[in-house]
There are 2 protein chains.
Amino acid sequence: MTEAMISESVEDYLEAIFQINQQQQVSRPKDICKMLNVTAPSVTKALKLLAQLGFVNYAPFGMVTLTPAGEKAAKDVVHRHEGLSSFLVNVLGVDEKRASETACKMEHIIAPDIIERFISYSKFVQNSDLCGPEFFKKFLKFASRKNASTKSTKSKSSKSSRKEQ
Amino acid sequence: MTEAMISESVEDYLEAIFQINQQQQVSRPKDICKMLNVTAPSVTKALKLLAQLGFVNYAPFGMVTLTPAGEKAAKDVVHRHEGLSSFLVNVLGVDEKRASETACKMEHIIAPDIIERFISYSKFVQNSDLCGPEFFKKFLKFASRKNASTKSTKSKSSKSSRKEQ
DNA sequence: ACATAATATTAGCCAAGGCTAAATTTATTC
DNA sequence: GAATAAATTTAGCCTTGGCTAATATTATGT
């Protein structure tokens, strides 16, 4: 009923600020620009919105920190991001960089309980000895075989299955 | 280099038109409205764009059909949709309806080669006897255990994808 | 065939979230 | 402590893709 709905963009900013603050206590707009690949005016505008939503402490020309609510929301996004990213890496064998990029998009659009399923699955497969450690290797072989016979992507190089661009 | 980039919205319209045409040869704007939960003017506007992109045959007050290019693009979207949907149902145990809703969002944002991974995985797990038929059941149990201890979703169901303002 | 209902279209608005250019503020350097 | 550089903000534009209200067209029922 309350809760105001958080847009994808807002989630991205929260996540970015959280990450930056991990390393330097506070965020400056410039850092956020770099992290999200947007221009400075976009960041200013976003910060005003975040402040208005009660997620950040912000005053013009000042440093940016997360409020408790912002911290909570950010941690939630990060949880989803990391869970999905793990899934992509550990279950599907996607390389780290692309897994993170992909998680970054998935995290906003998939319902939380389904995201938890992804996370559970990832954990399950890793713990489970129902299928040996063979399992993952076999899948990678299976997937690359499929890949070979598929028009799907233009996939530039694709010379060695993993890490294609 | 060419290829013009297809937006999410365009993909949704293509998919909808394709599905409708499966059952009734041609689509009328009204059907598209219903399928996508948008208003008639939105459909008109979209159809003009689709026609301009060369994906549909459309004249005001006329029926809508897909051009060969539109057909190709639509089939591609449908392939991704069904593959992802299968994955969600068969690997993660999500129910059909929500799987379809979720696939509908995932299909636009995940790179094609990664979508193929999802699809491969789904097939692999189903064929593979590396892990018995126990595997899926055990996972469901595992997941519901996890689930119990999670606040996760209010899930409000949002009956049909778009438009929750 | 004509009145009414159903469909489509046009016109124009709105919000989100980018962007550039210009102005302002803060930092740095001699 | 000026002068310049760097960072930030303001102002205003643009595109996408919805929407409503009003208009126009097509279909239907008697």
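As the structure is a prediction and not an experimental result, all values here were calculated from the model. Note that these values count all heavy atoms, side chains included, but never hydrogens, waters or copies made by symmetry.
Residue Ser42(B) places at least one side-chain N or O under 4.0 Å from the OP1 or OP2 atom of dC19(D). Taking side-chain N and O atoms only, Thr44(A) has no distance below 4.0 Å to OP1 or OP2 of dT8(D). Residue Lys45(A) places no side-chain N or O under 4.0 Å from the OP1 or OP2 atom of dG17(C). Under 4.0 angstrom from either OP1 or OP2 of dG17(C) there lies at least one side-chain N or O belonging to Ser7(A).
Between Pro60(A) and Thr39(A), the residue whose closest nucleotide on DNA chain C is further toward the 5' end is Thr39(A). Mapped onto DNA chain C by nearest heavy atom, Asn37(A) and Cys33(B) fall at different nucleotides, with Cys33(B) at the one closer to the 5' end.
Atom CG in Leu53(A) sits roughly 10 Å away from atom P in dG17(C) (whole-Å rounding). The distance between atom CD1 of Ile32(A) and atom P of dA7(D), rounded to the nearest whole Å, is 14 Å. Between the CG atom of Asp12(A) and the P atom of dG18(C) there is a distance of 8 Å, given to the nearest Å. Rounded to whole angstrom, the span from the NZ atom of Lys34(B) across to the P atom of dA8(C) amounts to 10 Å. Computed from coordinates, the Leu47(A) CG to dT9(D) C1' distance equals 11 Å when rounded to whole Å. Gln52(A) places its CD atom 14 Å from the C1' atom of dA15(C), with the value rounded to the nearest Å. In this entry the distance linking CZ of Arg28(A) with P of dT25(C) reads 20 Å, nearest Å. Met63(B) places its CE atom 8 Å from the P atom of dA27(D), with the value rounded to the nearest Å.
More than 12 heavy atoms of other residues, nucleotides or ligands shown are found within 6.0 angstrom of CD on Gln22(B).
Distance from the side chain of Phe61(B) is smallest to dT9(C) among dT9(C), dT9(D), dG17(D). Among the nucleotides dT9(C), dG17(D), dG18(C), the one closest to any side-chain atom of Val38(A) is dG18(C). When each of dT10(D), dG17(D), dT20(D) is scored by its nearest atom to the side-chain atoms of Lys48(A), the top-ranked nucleotide is dT10(D). Side-chain proximity of Pro29(A) to dC19(D), dG17(C), dT9(D): nearest is dT9(D). Among the nucleotides dT9(D), dG17(D), dT8(D), the one closest to any side-chain atom of Tyr58(A) is dT9(D).
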Candidate pair Asp76(B) and Lys72(B), rule salt bridge (Lys or Arg N to Asp or Glu O under 4.0 Å), full reasoning: CA-CA 6 Å; Asp76(B) 194 67; Lys72(B) 180 165 173 288; over 6 Å; no
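Of the inter-residue distances, the one linking Gln23(A) atom CD with Ile20(A) atom CD1 reads 9.0 Å to the nearest 0.5 angstrom.
Both Met35(B) and Phe55(B) sit in one connected hydrophobic cluster of ILVMFWY residues. Membership requires side-chain heavy atoms under 4.5 Å apart, directly or through other members.
Between Arg117(A) and Asp113(A) there is no salt bridge, since none of the side-chain N atoms of the basic residue sits less than 4.0 Å from a carboxylate O of the acidic one.
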